[in-house]
Structure formats: C-alpha cells, structure tokens
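Inspection log for the structure reproduced underneath, given as structure tokens.
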Amino acid sequence: MATEREPEIVLYDLACIKNVCFSPVVWRIRMILNYKRIPYKTIFLEFPDIEPTLKALGVHPPPPSTKYTVPTIHHIPTNTHITDSPPIAAFLTEHYPTPPLPLTTPLGQQIESLSRTALGITVRTSCTPREIHILSPRAQEFFRTTREATMNRTLESLLENEEQVWQKADEDLKKIGEMLLSAGGPFVNGAEVSYTDFFIAGSLQCIRVIDEGVWERYMAYKGFKEIYEACGEWLERKD
C-alpha cells in the first residue's frame, strides 16, 4: 500500500463557503502542483485574514503592489515563501522541472493578453457581484467595502449592463476561442500542455464555482470547453 508523501508546499488559498479553490490566480498554481504531482497542503484564508497572516510569516506584497495577496506558497525544503502567481510558477518549474511546463509562448502571450481584456470585463461584470454569495459574512463585508470603494459603485449595479458588456465582448471571446484551438489541440500549443492552458482552465473553474450559469456562457464559445476538458485531471483536487 502506497504511503502519502509529506507535503513540500503549503499553498495559501482564498476561502469560500464551498471549501474549494475559486480564485483564478490560485488555480494556476494549484494546477501546476497537481500536474507535477508535488505534494502540498492548503491553508484557506478569508479575505480579511490574508494581510495579517502573510505579515506574520514575513511575506511582503509583490512589487510594485502594496497589497498582500494569494497565492502565496511556503516551500518547506528550502523554507522559502513566495507570493503572486508568476514568480511562484517560475519557482516551481525551476525546482520541479519534470514533467516540463512551458510558461510562455508567443501564442500563449497573445491569448493571455486578449483574455485579460475580453474575459476580464465579462468576469468583472458577471462574477464580481455574484462572488459575494459564496463568501462568509465577515468576508462579504470586507469584499463589499473594498470593491465598492475601488469601483465607486455598488456590486449589484454591475449587473445592470451585463448583457451589453457580453455583446461588446462577443467577437473577442470568439477570437480567443479560435486561438485556443489554432494549434490543433488538445492544448493551446497542440500536444503539449502549457501555463496558458492553466490560465484559461483555472479561470473557467473559478467562474464555475461562483455561478454555473455564467460558466455555461463561456463554455458555449468554441475553444473554451475543449481546453477546460483537456485540463480536467488537474482540476480534480480542489482543496
């Protein structure tokens, strides 16, 4: 009988009442850990607990930001703390080179850039006001206060122009879908999985946890469903 390996990574993740990962930026790292079969354990943090917890660990915000964030990892073998998904991804691929995972390709860069615009605006409109419903009461209060102060509007007001936002993003979402399959599949770069696949699949999984109906809208676009399903085995561990 195989024994479970001791964790080498502590992954600090964002908590929700479903007790699963739902942050897109954390999912990218979780998928790397699952793909490379790196033993890890998860510590879920409520929104208001992120800063004090990371401060106590001696972790600093990723420059030039002044905000404490997840994902943050503790690499136990080297007693190293790293915060923010890009440096964590670089660290993991350097220290765990097998199986290989390209972090960037020209096609991947184009997809991620366009996704931050088209995917970003639709997620902000459709998911941000719904995200509050999967948070604990104290996290809800923190989320509403901070987000509404930043946007200078209520969360609910985002839904007033939801359909117009989707109509405006429609062509770009179709273009992203075409790009996702342009190398012939099953992954963005063809036969080889890459970080861009985790960027897309992790975002879709986040959306699914927040609201199944919104997730189905994205899955209706050609390309999104294919990448999500191709990455399915690395989405299985959610906590």
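For this chain, numbers begin at 1 and follow the sequence in order. The figures here come from the full heavy-atom set of this structure, side chains too, leaving out hydrogens, waters and symmetry mates.
Looking only at atom types and distance, the side chain of Thr154 has no donor-acceptor partner in the side chain of Glu148 under 3.5 Å away. One side chain, Thr122 or Tyr218, offers a donor N or O that lies under 3.5 Å from an acceptor on the other. Counting only N and O atoms by type, the side chains of Thr125 and Trp166 include no donor and acceptor under 3.5 Å apart. A donor atom on one side chain and an acceptor atom on the other are found under 3.5 Å apart for Tyr228 and Gln205. A side-chain donor-acceptor contact under 3.5 Å links Glu112 and Thr196.
Taking the six-membered ring for Trp and the full ring otherwise, Phe224 and Trp215 have centroids separated by 6.0 Å or more. The aromatic ring centroids of Phe198 and Trp234 lie less than 6.0 Å from each other.
Residues Leu159 and Leu155 fall into different hydrophobic clusters, defined by Ile, Leu, Val, Met, Phe, Trp and Tyr side chains chained together at heavy-atom separations under 4.5 Å. If you chain together hydrophobic residues whose side chains sit under 4.5 Å apart, Tyr221 and Leu107 fall into the same group.
More than 12 heavy atoms of other residues, nucleotides or ligands shown are found within 6.0 angstrom of NZ on Lys238. Other residues, nucleotides and ligands contribute over 12 non-hydrogen atoms within 6.0 Å of the NZ atom of Lys36. Atom CZ of Arg37 has 12 or fewer heavy atoms from other residues, nucleotides or ligands within 6.0 Å. Under a cut-off of 6.0 angstrom, the local environment of NZ in Lys18 is crowded, with over 12 non-hydrogen atoms contributed by other residues, nucleotides or ligands.
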Check against salt bridge (Lys or Arg N to Asp or Glu O under 4.0 Å), Glu131 and Arg144: CA-CA 10 Å; Glu131 181 177 340; Arg144 180 178 293 279; over 6 Å; no

Intermediate values then yes/no, salt bridge (Lys or Arg N to Asp or Glu O under 4.0 Å), Lys174 and Glu171: CA-CA 5 Å; Lys174 289 177 181 175; Glu171 288 303 316; 3.8 Å; yes

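The main-chain N or O of Thr42 is never found under 3.5 Å from a side-chain atom of Asp13 such that the two would form a donor-acceptor pair. Of the possible donor and acceptor atoms, one in the side chain of Asp211 sits under 3.5 Å from a partner among the backbone N and O of Gly213. Of the possible polar contacts, none joining the Arg116 side chain to the Ile111 backbone as a donor-acceptor pair under 3.5 Å is found.
For the ring pair (Phe, Tyr, Trp, His ring centres under 6.0 Å) test, residues two or more places apart in sequence or in another chain that qualify with Phe143 are Phe47. With sequence neighbours excluded, no residue forms a side-chain contact (heavy atoms from CB on, under 4.5 Å) with Thr66.
A salt bridge between Arg208 and Glu212 is present, with a side-chain N of the basic residue lying under 4.0 Å from a carboxylate O of the acidic one. One finds no salt bridge joining Arg153 and Glu160 here, because no Lys/Arg side-chain nitrogen approaches an Asp/Glu carboxylate oxygen to under 4.0 Å.
In terms of heavy-atom proximity, Cys127 sits nearest to Ile210 at O-CG2, 3.9 Å. Counting all heavy atoms, side chain and backbone alike, Arg237 lies closest to Asn34 at O-ND2, 3.5 Å. Here the closest non-hydrogen pair linking Tyr195 and Ala89 is CE1-CB, 3.8 Å.
Each side-chain hydrogen bond (donor to acceptor under 3.5 Å, both in side chains) pair with one or both residues in residues 132-142, not counting sequence neighbours, appears once here: Glu46-Ser136, Asp49-Arg138.
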